[in-house]
There are 2 protein chains.
Amino acid sequence: MQATERAAKKSATVKLAAMKEERASRMVDGLRGAGLKLTPQRLALVRELAGDASHPTAQELFERLRPALPTMSFATVYNTLAALSEARLCATRSLMRGPVRFDPKVEPHDHAVCGDCGRVTDVPIPSVPVRKDGERARRIEGFSVHHVERVYRGICADCRPK
Amino acid sequence: MQATERAAKKSATVKLAAMKEERASRMVDGLRGAGLKLTPQRLALVRELAGDASHPTAQELFERLRPALPTMSFATVYNTLAALSEARLCATRSLMRGPVRFDPKVEPHDHAVCGDCGRVTDVPIPSVPVRKDGERARRIEGFSVHHVERVYRGICADCRPK
DNA sequence: GAGCTTAATTAGAATGATTCTTACATGCAA
DNA sequence: TTGCATGTAAGAATCATTCTAATTAAGCTC
């Protein structure tokens with residue numbers, strides 16, 4: 001690896017950690033602002049979700065937190081995730097059959113879904129204006145569009161036949 | 001209603017019925033072609049699904065067929081829908097939390113999803129070229145895109161506050 | 001810092017969606 | 001029409017999620 005690459009990777013890692021911190025504190029502030037109590041369970045869940053771009057399920061988060069909080073119940077995971085998404089501090093994604101997935105990234109973006117392993121990857125929004133699409137749908141259906149979401153369906157690099 | 005509107009509506013109805021027939025026979029032929037037996041249960045399900053643009057769930061189809069086939073089991077509905085989608089004779093849609101929905105329309109198109117009632121409506125594909133989006137995702141993620149799907153999230157006419 | 005109030009947590013039951021299992025029934029090729 | 005491979009029925013099993021009722025604890029007040 002060259003020095004420039006190493007520097008770029010280090011910079012990306014630093015940026016990621018900063019983003020995680022920023023998301024975590026935004027979630028904590030949001031919970032407080034909504035008049036919700038800051039329990040150890042909620043703080044642990046927020047910390048776990050904030051730095052996770054893999055779109056985990058409630059089950060996955062529960063299992064990751066279990067070692068640290070062995071008495072935590074499933075309902076708490078669901079309740080906390082419901083509170084977070086209610087307050088728009090995280091998003092829920094249902095891009096394929098199976099459990100709902102949670103996303104700490106609330107800014108508009110799209111997703112690539114692997115039809116083989118089910119992995120969901122973030123994709124930045126395209127330069128193509130989204131508003132045009134939205135207006136078309138509004139005209140055609142009498143439908144008031146809040147936002148447009150693109151789903152790229154295909155096969156990820158790891159699942160592609162060698 | 002004016003004569004031209006009436007004529008247009010009648011024409012649309014005729015076209016819809018023709019499309020239903022065409023889809024139903026395509027499904028029947030497809031089942032036969034896949035070496036699957038044409039049982040009364042499968043034929044009834046195909047007829048029910050072919051003309052339905054509402055993206056029904058397995059439960060809904062089961063309930064609609066129960067009067068005609070009171071002994072049919074739930075597993076048969078799921079088995080038949082799995083066989084149809086396996087053979088690309090229908091599509092499955094998971095656009096929001098809750099049960100998978102089934103779609104007789106296999107040609108590429110997009111969907112508008114009401115965040116209030118959950119209704120899913122077909123939307124024709126936009127004139128904006130989809131390939132451009134797909135290529136972007138492929139480049140960025142090492143992801144092989146099969147197709148791009150747009151989801152318009154908002155509120156439908158019936159759910160909009162008066 | 002102790003007590004109070006009220007919301008949060010826990011454990012487990014309940015519900016809903018889907019898949020699996022096993023025994024019986026039947027479409028269809030010979 | 002007969003045989004057999006496939007399909008179906010009924011219900012159990014599994015997975016995701018929500019609900020319930022009883023206990024616990026966050027954070028305010030003093």
Side-chain angles (χ1 to χ4, degrees), chain A residues 27-46 48-49 55-87 89-90 92-102 118 120, chain B residues 27-46 48-49 55-87 89-90 92-102 118 120:
Chain A
M27 286 186 197
V28 171
D29 292 350
L31 286 174
R32 217 186 330 248
L36 297 164
K37 292 176 182 172
L38 299 180
T39 66
Q41 294 87 342
R42 285 175 176 173
L43 292 172
L45 186 30
V46 157
E48 189 63 43
L49 182 60
H55 308 83
T57 64
Q59 179 80 49
E60 284 163 358
L61 291 166
F62 174 69
E63 278 163 14
R64 282 193 236 151
L65 294 174
R66 189 144 53 176
L69 296 160
T71 73
M72 184 170 61
S73 92
F74 229 93
T76 297
V77 175
Y78 276 104
N79 287 341
T80 302
L81 290 168
L84 287 171
S85 64
E86 183 75 19
L89 299 168
C90 79
T92 63
R93 313 273 173 216
S94 297
L95 304 173
M96 49 177 303
R97 78 197 64 159
V100 172
R101 291 164 171 280
F102 296 88
V120 177
Chain B
M27 285 185 197
V28 171
D29 292 349
L31 285 175
R32 218 187 328 250
L36 298 165
K37 292 179 182 172
L38 300 180
T39 67
Q41 292 88 341
R42 284 175 177 172
L43 292 171
L45 185 31
V46 157
E48 189 63 42
L49 182 60
H55 308 82
T57 64
Q59 179 80 51
E60 284 164 358
L61 291 165
F62 174 69
E63 276 163 15
R64 283 193 234 149
L65 293 174
R66 189 144 53 176
L69 295 160
T71 72
M72 185 170 60
S73 92
F74 228 91
T76 297
V77 174
Y78 276 104
N79 286 341
T80 301
L81 290 168
L84 287 171
S85 65
E86 184 75 20
L89 299 167
C90 81
T92 63
R93 312 276 173 214
S94 298
L95 304 172
M96 51 178 301
R97 78 198 66 163
V100 173
R101 291 165 173 280
F102 295 88
V120 177

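Here is how names work: the chains are called A, B, and so on, in the same order as the sequence lines, proteins then strands, and each is numbered from 1.
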Q) For the pair made of CG in B:Asn79 and P in C:dC20, what is the distance, rounded to whole Å? A)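 In whole Å, C:dC20 P and B:Asn79 CG are 10 Å from each other.
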Q: Select one nucleotide: of C:dT9, C:dA17, D:dT17, the one nearest the side-chain heavy atoms of A:Ala58.
A: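 Closest nucleotide to the A:Ala58 side chain: D:dT17.
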Q: Using only side-chain N and O atoms of B:Ser73, determine if any of them is under 4.0 Å from OP1 or OP2 of D:dA10.
A: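 For D:dA10, neither OP1 nor OP2 has a side-chain N or O of B:Ser73 closer than 4.0 Å.
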Q: Report the C-alpha separation of B:Leu49 and B:Cys90 in whole Å, then their side-chain angles, then the decisive distance to 0.1 Å, and conclude whether the side-chain contact (heavy atoms from CB on, under 4.5 Å) test is met.
A: CA-CA 9 Å; B:Leu49 182 60; B:Cys90 81; 3.9 Å; yes
Q: Answer with yes or no whether the side chains of A:Ser94 and A:Arg101 bring together a donor and an acceptor at under 3.5 Å.
A: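 Not at all, the side chains of A:Arg101 and A:Ser94 share no donor-acceptor pair under 3.5 Å.
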Q: Please say whether more than 12 non-hydrogen atoms of neighbouring residues, nucleotides or ligands are located less than 6.0 Å from CD in B:Gln59.
A: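 More than 12 heavy atoms, drawn from other residues, nucleotides or ligands, come within 6.0 Å of this atom.
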Q: Go through C:dA11, C:dC28, D:dT17 for me and flag the one nearest to the A:Ala75 side chain.
A: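 Minimum distance to the A:Ala75 side chain belongs to C:dA11.
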Q) Between A:Pro99 and B:Pro70, which has a closest nucleotide on DNA chain D that is more 5'? A)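 Upstream on the strand: B:Pro70.
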**Q.** Distance below 4.0 Å between B:Thr39 side-chain N/O and C:dT26 OP1 or OP2
**A.**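 Negative; the distance criterion is not met.
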Q. Within the structure, does a side-chain N or O atom of A:Tyr78 lie under 4.0 Å from either OP1 or OP2 of D:dT18?
A.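 Answer no for this pair, as no side-chain N or O of A:Tyr78 is under 4.0 Å from OP1 or OP2.
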Q | First encountered from the 5' end of DNA chain D, between A:Val100 and B:Met72 | A |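 Checking each residue's closest nucleotide, the 5'-ward one belongs to B:Met72.
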(Q) Between B:Arg32 and A:Arg42, which residue's closest nucleotide on DNA chain C lies nearer the 5′ terminus? (A)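 By nearest-heavy-atom nucleotide position, the 5'-most residue is A:Arg42.
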Q) Hey, does A:Thr76 reach any base, or is it just sugar-phosphate, or nothing, if we go heavy atoms under 4.0 Å? A)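 Base contact.
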